[in-house]
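Some notes on the structure that comes next.
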Amino acid sequence: MQTLTITTPDDWHCHFRDGDTLTESVRASARVFRRALAMPNLTPPITTAKRALEYREQILTARPAGSDFEPVVTLYLTDATKREDIQIAAKQGIKAAKLYPAGVTTNSDSAVNSIETLYPLFEEMAQQGMLLLIHGEVNDPDIDIFDRESVFIDRHLQPIVKAFPELKIVFEHVSTSEAVDFVNGASENVAATITPQHLLLNRNDLLVGGLKPHNYCLPILKRSSHQVALQKAITTGSKKFFLGTDSAPHEQNQKESACGCAGCYTAPVAIELYAQVFESLDALDKLEGFASHHGADFYGLPRNTDKITLAKKTWTVPEKIPLNGGKILIPFFAGQSLSWQLQE
Ligand code: DOR
Ligand code: ZN
């Protein structure tokens with residue numbers, strides 16, 4: 001059987017949630033990833049270092065027995081975040097803070113209304129060596145949802161990058177050719193995560209032949225030319241692009257709803273799907289850099305030293321994942337057959 005052994009990967013963008021979902025989401029990530037960056041958009045959001053460190057403990061407690069999985073926690077920026085909050089977080093070892101424009105996605109209502117007023121925080125973050133993680137979409141009602149990422153680049157990202165050349169920025173879950181071009185053209189302090197869904201799917205997979213709520217995420221899937229641009233970005237082997245699943249579990253009834261939540265629960269199938277994409281692009285040799293090296297290098301953290309092995313083997317993704325408490329999650333690619341499987 002064909003196998004592929006790579007350095008144990010990390011996930012630089014993951015939503016674990018809390019409550020009933022946490023044990024399952026941590027299990028799914030700890031299965032394959034050594035580290036995962038835990039996004040702070042809980043209710044209420046994680047706006048202080050104290051809460052971030054408590055959340056870290058919660059995730060550690062939720063790990064399966066014997067797991068050495070390590071969460072990397074972040075701060076959620078709001079209009080009320082102060083320079084001191086950044087200083088305290090940096091002192092406590094928190095590596096990054098997340099910028100959500102208010103209202104742009106799940107649990108972002110209490111986030112940032114005026115990005116420009118955060119400039120003193122960005123200055124502090126640059127001084128502290130803290131990374132700025134950005135959900136790069138505008139939320140103006142008059143901007144078409146398919147254009148919200150490219151407009152964000154022109155209105156906000158260009159000026160931030162220009163004003164703070166020393167600040168390390170991760171443009172999260174890029175979904176457009178404009179974003180790929182921007183990252184490629186920016187300094188080495190600007191990088192991006194790419195999700196499996198944006199590599200594997202385009203908006204036809206969301207909208208043609210019936211609405212597919214489990215393919216609905218934000219940024220929304222774009223037309224196929226953008227998908228191709230993302231695929232091209234990963235096949236170059238550029239260090240600017242790395243793995244971030246944006247694994248975002250929502251209960252089945254909140255996805256299959258008249259007003260469905262955005263988010264794909266990708267963690268249970270993520271490395272397998274990335275392997276499938278890289279193979280389809282004849283670029284399996286680039287998987288390890290993307291999944292296991294580039295992110296750690298950008299964050300200034302040591303690369304993992306252990307390995308995982310994937311086997312070329314057909315298997316079927318479960319239709320559903322029941323949680324303690326009776327709720328149900330539908331994994332991404334539920335019921336579909338995949339061609340690579342982690343050897344556990
Ligand atoms: O699809 C998404 N789901 N995009 C986000 O930005 C947030 C995430 C979530 O928290 O559910
Ligand atoms: Zn996310």
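Side chains included, hydrogens not; waters and symmetry mates left out as well; all remaining heavy atoms used. First listed ligand is number 1; within each ligand, the first listed atom is number 1.
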Q: Using the six-membered ring of Phe278, assess whether NZ or CZ of Lys286 lies under 6.0 Å from its centre and within 45 degrees of the ring axis.
A: no
Q) Who's touching ligand 1 if we go heavy atoms under 4.0 Å? A) His15, Arg17, Asn41, Thr105, Thr106, His135, His173, Cys217, Leu218, Asp246, Ala248, His250, Ala262, Gly263
Q) Glu288: what forms a salt bridge (charged side-chain N to carboxylate O under 4.0 Å, His left out) with it, not counting sequence neighbours? A) none
Q | Exam field: side chain Gln343 to backbone Ile308, donor-acceptor pair closer than 3.5 Å | A | no
Q.
Within the 3.5 Å criterion, strictly below it, is a donor on Asp246 or Thr195 matched to an acceptor on the partner's side chain?
A. no
Q: Kindly write out the residues that satisfy salt bridge (charged side-chain N to carboxylate O under 4.0 Å, His left out) with Arg223, not counting sequence neighbours, or none if the list is empty.
A: none
Q) Would His226 and Asn202 count as having a side-chain donor-acceptor pair, cut-off 3.5 Å? A) no
**Q.** CA sep, side-chain torsions, deciding dist, call: Asp140, Arg155, salt bridge (Lys or Arg N to Asp or Glu O under 4.0 Å)
**A.** CA-CA 12 Å; Asp140 311 40; Arg155 278 196 197 164; 2.9 Å; yes
Q. Is it the case that Thr176 and Glu149 place a side-chain donor and acceptor less than 3.5 Å from each other?
A. yes
Q. At distances under 2.8 Å, what protein N, O or S atoms surround the Zn ion (ligand 2)?
A. His13 NE2, His15 NE2, Asp246 OD1
Q: Would you verify whether the NZ or CZ of Arg34 falls within 45 degrees of the ring axis of Phe69 while also being under 6.0 Å from that six-membered ring's centre?
A: no
